[in-house]
**Student:** 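Please find one structure pasted underneath; my questions will follow.
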Amino acid sequence: MARINDNFLKLKAGYLFPEIGRRVAAYAEANPDANLIRCGIGDVTEALPNVVREAMHKAVDELGCRDTFRGYGPEQGYDFLRNAIAENAFAGLDISANDIFVSDGSKCDTGNILDIFGPGNTIAITDPVYPVYVDTNVMIGNTGDADEAGRYEGLVYLPCTAENNFVPAIPEEKVDIVYLCYPNNPTGAAATREQLQAWVDYALKNDAIILYDAAYESFIQDPEVPKSIYEIEGAKQCALEFRSFSKNGGFTGVRCGYIVIPDTVFGTTESDEKISIKQLWSRRTSTKFNGASYPVQRGAEAIFSEAGKAEVAALVEHYMANAKLLREACTELGLKVFGGENAPYVWVACPEGLTSWDMFDKMLEEANVVITPGSGFGAAGEGYFRISAFNSRENVEEVCTRLKALL
Ligand code: PLP
């Protein structure tokens, strides 16, 4: 019989969102008339920008004509998109098109990146955290088993609490790889320039690599908050940045993202030979990926047109106004509220005496609102819940009304 990868068996009950899905489906089946509002999974709700649709239509038409047909594209992404990204998203930051690897989204990228790192690295993750970073490390064999609280042996957990404004303190020990995500999912926290500089300085001192997930950068409202890790001195020597069109451009179903890997980030072999991370990722990409689809890349390119920027700004404004309403409603109820100012997630302390899953069940059963239990993002998320601002205004107003009636 074929041997399986035993590491998969170490995974706790399953990825958070399937578990939420299971509970919601069971409730909906038992209560078919319930008018459920979903603020759980961070999926966008508003329509794709017009310029994106037009660009994709045009690209599909090109594929329908023999003279303009395109087959396999470059694995790393078309130059038109890589150039648009470098010129717009990283203007003035000395990032070139050649540093950009286009993909079908950041979930795959943040998981796949582990292909190029060997065993034996000390890996640090924040707690709470986007669960993909943890589970992909478990799958590849970088951890031991999980304890009762769901913490895996072998990972270094960096607690993110109200006391440290949900940005972890620099660890005493040396780690080799650290995942940072700002603006943060799930806490909605943003990291300041000083905090990111401290992390870059730590990485340079310890020869560590920062895997910086900036999927929510376009939601930053405060001009003082860095949008890219490359705004920080020294980051080009130690950081990779993950970006996605999912949340700013409404691409959760369309699928497109990218990784930025400067030439100056290195790892070592077992015999201490320095190897370029970009070179490895490029090799990995050429072997395992055939590029994001052409119409999708044309759609992503359109986001950087003047009309595209205006449509994205309107989408961001819509979701951030939702976040403001949710923040205000929870604050009015006397709850402790975090996030929602530079990110589309509001992170709320549960009312006294309720665990995260208690609050999830209460909201589902008594208010018919689906939220995300904080403990699903890690042990330090216990006692919190996350409300996603990705919704219609009407639904968000209704959620605020139901919250007020419930608590
Ligand atoms: N990174 C973070 C922190 C996320 O929250 C998400 C999606 O929720 C992703 C990455 C995945 O993005 P994509 O849709 O590009 O796969």
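All residue numbers in this chain count up from 1 along the given sequence. Please read all numbers here as calculations on a predicted model, not as lab measurements. Atoms within a ligand are numbered from 1 in the order they appear, just like the ligands themselves.
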**Student:** Can Arg327 be said to sit on top of Trp347's aromatic six-ring, NZ or CZ under 6.0 Å from centre and within 45° of the ring axis?
**Tutor:** no
**Student:** Quick one: ligand 1 N/O to protein N/O pairs below 3.5 Å?
**Tutor:**
residue  : atom   : partner : partner atom : Å
ligand 1 : 1 (N)  : Asp213  : OD2          : 2.6
ligand 1 : 5 (O)  : Asn185  : ND2          : 2.7
ligand 1 : 5 (O)  : Tyr216  : OH           : 2.6
ligand 1 : 8 (O)  : Tyr216  : OH           : 3.4
ligand 1 : 8 (O)  : Lys247  : NZ           : 2.7
ligand 1 : 14 (O) : Ser246  : OG           : 2.5
ligand 1 : 14 (O) : Arg255  : NH1          : 2.9
ligand 1 : 15 (O) : Ser106  : N            : 2.7
ligand 1 : 15 (O) : Ser244  : OG           : 2.7
ligand 1 : 15 (O) : Ser246  : OG           : 3.3
ligand 1 : 16 (O) : Ser106  : N            : 3.2
ligand 1 : 16 (O) : Lys107  : N            : 2.8
ligand 1 : 16 (O) : Arg255  : NH2          : 2.7

**Student:** Return the set of residues passing side-chain hydrogen bond (donor to acceptor under 3.5 Å, both in side chains) with Asn35 (not counting sequence neighbours), or none when no residue passes.
**Tutor:** none
**Student:** Compute whether any side-chain donor of one residue and acceptor of the other, for Thr187 and Asn184, lie under 3.5 angstrom apart.
**Tutor:** yes
**Student:** Does Arg386 make a cation-pi contact with Tyr345 (under 6.0 Å, within 45 degrees of the axis)?
**Tutor:** yes
**Student:** Under the 6.0 Å and 45° cation-pi test, does Lys247 pair with Tyr216?
**Tutor:**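 Verdict for Tyr216: no cation-pi partner in Lys247.
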**Student:** Hey, do the aromatic rings of Tyr294 and Tyr78 have their centres closer than 6.0 Å?
**Tutor:**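 Under 6.0 Å, so yes.
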